[in-house]
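Numbered from 1 within each chain, the chains take letters A, B, ... in sequence-line order.
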Amino acid sequence: METTLQNALKAAFEELFNHQVDEIELQPTRKEFEGAYTFVMFSFLKAVRQKPEELGQKLGDYLVQNLPEVSGYNVANKGFLNISLSEKVWIDAFAQMAKNENFGQLPAQNQKVMVEYSSPNTNKPLHLGHLRNNFLGYSVAKILEAAGYEVVKANLVNDRGVHICKSMLAYVKFGHGETPESSGTKGDHLIGKYYVEFDKRMKEQVKPILAQVAQGDFSLFTSAEQQNIVTYQTKIAKIQQSVEQEQKNLPALKGQLLASFDQDFQDLFNEWENSNLITSSTFKKHIDGATFGKKQAPLVKLIRKIIKLYNSIGKEEGNIKQLANNKTALMGEVTQMLQKWEAKDPDTIALWKKMNGWVYDGFNATYKAIGVDFDQMYYESETYLLGKEIIDDGLNQGLFYTKPDGSVWSKLPADVSPNDKLLLRSNGTSVYMTQDLGTADEKYKDHQIDKSIYVIGNEQDYHCVVLFQILKDLGRPYAKGLYHLSYGMVDLPTGKMKSREGTVIDADDLLLEVKKTAQDRTDALGKLEGMSDAEKEEIYRIISLGALKYTLLRVDPKKRMLFDKNESVDFQGDAGPFVQMNYVRTRSILRKAASLGIDTTKGWQVADLHPMESELIMLLQQYEQVIADAAGLVDPKMGYNPSLIAQYAYNLAKTYSQFFAECPILKTPDQSAESMERRKFRIALSTKTGEVIKKALGLLGIEVPERM
RNA sequence: GGUUCCAUAGCUCAACUGGAUAGAGCAACUGCCUUCUAAGCAGUAGGUUGAAGGUUCGAGUCCUUCUGGAAUCACCA
């Protein structure tokens with residue numbers, strides 16, 4: 001229909017004004033105005049030298065005369081041509097849609113796409129951030145399938161390296177042979193416990209080293225490291241100076257303004273000042289959350305500045321700590337263990353396999369619980385040696401070069417990166433980037449994919465840019481199909497999630513909590529009476545997952561989002577359960593219709609439409625377009641975006657809810673044939689809406705219950 | 001310091017990529033369950049889109065500057 005209108009408008013321009021138009025853009029008419037499609041005329045006014053009202057009238061008349069489907073038009077706000085379609089168009093469109101079982105499945109693209117997501121570390125359990133990643137990846141895969149692609153879901157598990165050895169070592173030293181069975185702990189959580197344990201022990205060991213450094217004794221470090229430490233310390237000293245500079249202003253401002261703040265603020269301020277101005281996150285939180293008067297602003301601003309400076313010092317100190325960590329006895333043992341692992345020492349490998357097995361059991365349980373799966377697993381333990389032949393390839397092509405110490409580097413265009421990228425250490429071992437290069441080749445070898453989507457957080461934007469650039473420079477055939485679906489971090493009200501500060505929301509815990517809420521709410525409504533416990537459990541599961549997935553997917557993936565455990569998982573309004581509930585209503589209608597003995601298989605005949613009916617049909621008709629948008633068929637930059645589907649599903653559910661409240665479906669005013677036909681039509685409309693809701697939610701990885 | 005991203009109602013998010021009177025939900029307030037599932041529907045209130053300039057028929061969206069926030073820039077992964 002849209003293209004018919006576009007062509008007709010093009011023809012109109014040519015016939016009426018002898019003016020060639022390449023592209024006509026139509027948009028759905030806004031709800032407040034009469035019409036189905038809107039043509040924005042502004043850009044054409046000059047070319048055809050017409051006033052907006054005249055042009056609108058001429059084009060409108062032309063459409064009405066030439067297209068039987070167009071029932072009318074209006075020109076609004078000096079430039080918007082709103083085109084109305086006859087009700088018959090909508091009725092026919094719906095009749096066709098209702099027959100189409102494959103509605104929502106776009107024609108085959110004859111292309112293969114790989115979506116890589118999840119990519120966990122085997123040293124700690126999954127948390128909220130992973131959930132966003134998993135839900136996004138799974139949903140994008142479903143959307144691409146609906147858009148006609150063949151999809152391979154891949155998971156690249158980070159199962160080797162220093163961090164894995166940390167938990168292994170901690171387990172050997174402090175584990176006393178504990179197992180998931182003996183401790184009653186899920187495997188991934190058990191390993192996570194030892195990773196934390198390692199960190200704790202290392203912190204103890206690093207203290208004396210740091211004390212030594214503070215006294216100017218760098219004897220433990222190599223000369224290069226010593227240089228770095230000096231650099232860091234110089235930076236710290238410089239920042240320290242700035243702090244002192246700023247601090248000088250503090251007493252005066254304090255004397256002037258502090259009394260104007262509330263008691264909470266004053267208390268926190270005093271505590272902060274007395275603790276030698278050490279960053280107090282509670283104080284910062286208080287400042288960020290509060291509003292201040294204009295007069296108070298200078299003091300607040302100064303405090304902010306000082307806190308920020310202290311944060312910078314913290315970062316620099318962190319760098320020194322990092323170097324010091326490597327000098328601890330524990331880290332020495334870890335390095336030894338890694339070398340043993342790489343040398344395939346039987347005991348080390350056996351331990352590694354045993355512990356990884358536990359983690360995989362744990363992960364698989366969580367994957368199963370959240371309803372995601374994979375077609376292809378990759379393990380870094382198997383891919384970390386890949387990429388070496390790529391090094392040769394790049395050296396031959398003159399894209400890489402070798403430094404005197406034997407390390408290999410990649411040249412990069414200045415606009416991509418000012419620094420060259422290390423690919424091979426001087427000791428000949430490969431880095432993260434090298435592995436990823438190799439894995440990219442491997443993926444292509446395994447599946448001949450046309451497109452490859454990496455679902456990775458935006459903290460790795462730079463890494464992906466460099467990775468893709470190198471592959472492009474190397475002339476890899478799949479390079480143009482690479483796409484980094486860069487999603488924003490999930491923030492908590494307390495700020496960023498940090499495992500060290502214990503502010504991580506664990507995935508398994510969260511699932512349990514949300515399920516409990518779903519159960520309480522469902523039970524309070526009391527609609528599940530007479531069902532078995534197993535049936536109820538299943539419904540709690542579906543609703544809680546729906547609520548959780550919806551909250552994480554309704555936000556534009558690119559944007560960072562805030563997650564408040566107490567408020568974020570909504571069950572009302574713009575939320576998963578609301579959409580699910582409207583599906584349930586359509587099912588309820590069907591059940592009731594069957595019990596009334598209404599034959600829903602036969603067709604129906606209506607001549608006109610209630611406004612809510614046409615609105616529903618219009619929305620239903622947009623479904624396939626929404627899939628195309630969400631899959632990036634129109635514009636890849638806009639695509640890979642489940643939030644478009646979530647928004648659509650919510651709109652459809654909301655519209656159905658209005659229709660449901662306004663239009664009696666089964667109840668008829670009389671027994672006339674017309675009323676009977678109307679009833680059958682509304683049942684069909686209801687059924688189709690339910691189908692589309694189910695399909696749309698399916699693209700988000702959300703299931704629907706039959707009752708709730 | 002360089003680069004990139006972000007700032008919209010009290011809160012969480014939208015706004016079809018430059019279009020109409022900036023929309024939803026939550027929270028607050030008013031109505032509506034003897035009738036198809038009220039996790040609902042209808043309504044009220046809530047905005048100088050961080051600030052100031054600019055580009056044009058038209059700016060939340062593009063450009064410049066400023067303010068505030070985040071990420072990143074390793075022989076870590």
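Distances shown here put a side-chain N or O of R425(A) below 4.0 Å from the OP1 or OP2 atom of C76(B). R521(A) has no side-chain polar atom (N or O) that falls below the 4.0 Å cut-off from OP1 or OP2 of A39(B).
Judged by ring centres under 5.5 Å apart and planes tilted less than 30 degrees, F42(A) stacks against the six-membered base ring of G19(B). Ring-to-base geometry places F80(A) in a stacked arrangement with A20(B) (centre distance under 5.5 Å, plane angle under 30°). The ring of F33(A) lies on top of the base of A20(B), close enough and flat enough: under 5.5 Å between centres, under 30° between planes.
In this structure, of C26(B), G19(B), C41(B), it is G19(B) that holds the atom nearest to the side chain of V40(A). With A77(B), C57(B), C11(B) as the choices, the nucleotide that has an atom nearest any side-chain atom of N158(A) turns out to be A77(B). Listed nucleotides: A77(B), U72(B), G40(B). Nearest to the side chain of Y462(A): U72(B). For M638(A), whose side chain is taken as the heavy atoms from C-beta onward, the closest listed nucleotide among U17(B), U37(B), C13(B) is U17(B). Across A27(B), U17(B), C16(B), the shortest atom-to-atom separation from the side chain of R30(A) is found for C16(B).
Base-pair partner of G1(B): C73(B) (Watson-Crick or G-U wobble, both distances under 3.5 Å). U64(B) is paired with A52(B) under the criterion used here, namely a Watson-Crick or G-U wobble arrangement in which both key atom distances are under 3.5 Å.
Glycosidic conformation at U30(B) (O4'-C1'-N9-C4 for purines, O4'-C1'-N1-C2 for pyrimidines): anti, more than 90° from 0. Here C33(B) is in the syn range [glycosidic angle within 90° of 0].
Taking the centre and axis of the six-membered ring of W409(A), the NZ or CZ atom of K403(A) falls inside the cone set by 45° and 6.0 Å. Note that R160(A) lies outside the cation-pi zone of Y379(A), set by a 6.0 Å cut-off to the ring centre and a 45° limit from the axis.
A straight line from CD of Q658(A) to P of G43(B) spans 9 Å, rounded to a whole angstrom. Note: CD1 (I665(A)) to C1' (C41(B)) measures 14 Å, nearest angstrom. Rounded to whole Å, atom P of U37(B) lies 13 Å from atom NZ of K667(A). Rounded to whole Å, atom C1' of G40(B) lies 11 Å from atom OH of Y650(A). Atoms NZ (K235(A)) and C1' (C73(B)) sit 11 Å apart, rounded to a whole Å. Summarising the geometry, the separation between OH on Y195(A) and P on A77(B) is reported as 12 Å, rounded to the nearest angstrom. What separates CD of E567(A) from C1' of C13(B) is a distance of 14 Å, to the nearest Å. Remark: P of C36(B) and CZ of R682(A) are 16 Å apart, rounded to the nearest angstrom.
Ring-plane geometry between H484(A) and F468(A) is classed as perpendicular, the angle between the planes exceeding 60 degrees on a 0 to 90 degree scale with a lower cut at 30. Aromatic ring pairs are classed by plane angle as parallel below 30°, tilted from 30° to 60° and perpendicular above 60°; the pair F80(A) and F42(A) is perpendicular.
You'll find the ring centres of Y195(A) and F198(A) outside the 6.0 Å limit.
Among the protein residues, N82(A) comes within range of the nucleic acid bases, having at least one heavy atom under 4.0 Å from a base atom. Among the atoms of the strands shown, none is found under 4.0 Å from any heavy atom of S686(A). Within the nucleic acid shown, L562(A) comes within 4.0 Å of sugar-phosphate atoms alone, with no base atom in reach, counting heavy atoms only. Within 4.0 Å of N427(A), counting heavy atoms only, lies no atom of the nucleic acid at all.
Side-chain contact check for S643(A) and D556(A): no donor-acceptor pair (N or O, by modelled atom type) lies under 3.5 Å.
For the pair D629(A) and S407(A), both in contact range of RNA chain B, the more 5′-proximal nearest nucleotide belongs to D629(A). Projected onto RNA chain B by closest heavy-atom contact, A76(A) and M708(A) fall at different nucleotides, the more 5' of which corresponds to A76(A).
Rounded to whole Å, the separation between the C1' atoms of C41(B) and C33(B) comes to 11 Å. Between A42(B) and U12(B), the two P atoms lie 26 Å apart (nearest whole Å).
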